[in-house]
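Order of the sequence lines fixes the chain letters, A, B, ..., with proteins taken first and strands second; residue numbering starts at 1 for each chain.
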Amino acid sequence: MSRDLENANPTILNVSQLPSRRSKRPETRRGPDSKCDSIVYPEQHWSYGINSSSDEGEDYAEDPVDEQDIYDLISTISDPEHPHTLGQLSVVRLPDIHLSPSPAELSDPDSLITASIDLTPTINHCSLATVIGLAVRCRLEQTLPPNYRVDVRMKDGSHAQDDQVNKQLGDKERVAAALENDTLQRMVDKMLETCT
Amino acid sequence: MTTTTASPSIDDPPARAPTTTTTAQTTATLTRLPSFQPELYTRAWSSIPHPTLPLIATAHAKSVTVYSLATLSKHSALTGGHARSVRTVAWQPSRGGGGGSGGEQQQKSRGSGNQRLGLVTGSFDATAGLWSFDGDRDRPGGGLEREVRMGGGDTEEEDGGGEEDDKEWEFNLVLEGHENEVKSLAFSPGGQYLATSSRDKSVWIWEDVSAGGNGDDGEEEDEWETVAVLSEHDGDVKAVAWCPSHLSNARAASSRRHYSHDVLASASYDDTVRIWREDADGEWVCVAVLEGHGGTVWGLQWETKERSDDRFPRLMTFSADGSIRVWTLKVDEEAERLEAEEAAAREGNPFRTGFGGMPNTMRRSPREEWECTAVLPKVHTRDVYSASWSADTGLVASTGSDGIVAVYAEQEDGTEGDNSDNSSGAKSSTWKVLSTIPRAHGPYEINHITWCKRFDSGAERKGKEEMLVTTGDDGIVQPWQVQVQ
């Protein structure tokens, strides 16, 4: 990108400062501590209906997703203009991620869970806010089970055109169409390259 | 509000709601029927039943799959016409001669035996495509309808090759003009006009100017030209719908004589709905803006069941705000009486031909007043992507992001006339939830719901009995039997 950066001097957190399972910030999480890669990176097959009480279903119930898992999924997304991740730039913050209801409280794997993520763009007129939001929504929709509804918003007051950006990111049809746009798709793919 | 909740296992028939002692319809039982085969394994946007034939067309990815309602299996497919996803489809009304419209023309074309099957697709690639079905050209007697009806139920398909090569859809014409994704399209009742809407905030009206449209050989050239570009919306136009003509014709002729009978409604990302009519000068004008929804209006549908009080059809709209609203045209009785008098006066004066011939300052402003006369009981917790109003029963079914399917009935309060300021003359009524099915497509979002006639072997009254069909992100097109008690 040859043009000037929107924000030339963002604050960058060291990777070791970022919230993680082993950091001392348990108050920001709900649910039991557990590794739950089996939920976060599931098989693409989702049984529902009559199988909901099968053994498979019980496996799911053991390891509910929590906010830290969501954070881990999206904090590693690269910023579209800086060589840092959204976590390092504090665009994604653990306290701004909420699951409702908490997956730990649900027994039926088909019950809807709303994942609300408030993003804090590095500066308040960041024209790339929509692209960042798109990448976050895209990442979560690709990795979370289909009973999750992902609501990505700009944190109140953090962005000059909050309402417009929020409305676009909440519009399924526009998101679907955007991901068929080659330019946008390439940008999002590049941002997601750093996700593991 | 009595909300019926189905039993937790969605594959069991839902539990019946407790019966109340009020009027006729109190509960509905929805039973899952076998889904259409094969499943699509990718997000499917909508499934549109043919108005008369036992076919339903599902838009998914860059193509359309047409299923037979008789066999509940694939009939044919439309592929290769679009560079991006097909969002929407509409069946072309059987064509009358040239630019005719209205019920009269439809009857004429039916009489001539012209049954060319036509479909139009709207795509994220910013174009609309006109397709025709060529499968039966070689067979005598234009036996499309017969062939389709033979396809299942009483008679099993003889060769078993449900996808034989002669079942071909031909891509005839591409309609270009929109700058961004086409989101919705609809033919006017007579087929003369096609309305398309797009993320570019506009609605385009195209007119069928094909020559020799009455040919039986299906060789006529399709030709459409743009007659209007309506750009008053401030956001994506999510849906367009024409008022059904058999209802509006008579009343339009009597009470709205300075407009043509074609009435178009559009729903938008700007949270509003607009009503459009062609005025006496041939200009398409916005005659009303319906404000009330607190989010994107995902779509709308005109009332197709004839109203007992012979009023203008109402309009149902549904939104990202989770609500479904019903709007009624406010009829100004005094103005109507004056209009009728003026019209009578004009008829006696050959030099004054309608409002078009009057000085501008005298021309009545072409405004209509629409009021929201009902908000259906709240069921949905997220966007309502789709709702369907039955022409037979007047029942409404809705679905959306929360995966719930709900069925509602309108019940007259029997308090007719006690509402003196109700100038729309509408009987007071309330809507009641007859049934809700949670997680109708498991954990997936449901993008579309429609009432649809049953033709499958399980139907008691083929071609008459109604079912619901839902279309979801799971790529499943799911029919539901509906029993109302």
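Looking at B:D402 and A:R149, no side-chain N of the basic residue comes within less than 4.0 Å of a carboxylate O on the acidic one, giving no salt bridge. At a threshold of 4.0 Å, the pair A:D151-B:R382 counts as salt-bridged, since one of the basic side-chain nitrogens sits closer than that to a carboxylate oxygen.
With a 4.5 angstrom heavy-atom cutoff, B:R84 touches chain A via backbone and side-chain atoms both. Neither the backbone nor the side chain of B:T381 comes within less than 4.5 Å of any heavy atom in chain A. Contact annotation for A:T114: only side-chain heavy atoms (C-beta onward) come within less than 4.5 Å of a heavy atom of chain B. B:Y385 touches chain A through its side chain: at least one heavy atom from C-beta onward sits under 4.5 Å away, while N, CA, C and O do not. In this structure, the portions of A:Q168 lying under 4.5 Å from any heavy atom of chain B include both its backbone and its side chain.
Atom CG of residue A:N147 and atom OH of residue B:Y444 lie 9.5 Å apart, to the nearest 0.5 angstrom.
Counting non-hydrogen atoms of neighbouring residues, nucleotides and ligands closer than 6.0 angstrom, the CG atom of A:D156 reaches no more than 12 such neighbours. Counting heavy atoms of neighbouring residues, nucleotides and ligands inside a 6.0 Å radius, atom CD of A:Q164 does not exceed 12 of them.
The shortest heavy-atom contact between B:P443 and A:L112 is O-CD2, 4.1 Å.
No other option in B:A320, B:S401, B:G295, B:G403 has as many heavy-atom pairs under 4.5 Å with chain A as B:S401.
Pairs passing the salt bridge (charged side-chain N to carboxylate O under 4.0 Å, His left out) check and including a residue from residues 165-181 of chain A, sequence neighbours excluded, read A:K167-B:D271, A:D171-B:K238, A:K172-B:E445, A:K172-B:D473, A:E173-B:R87, A:E173-B:K183, A:E173-B:K238, A:R174-B:D236.
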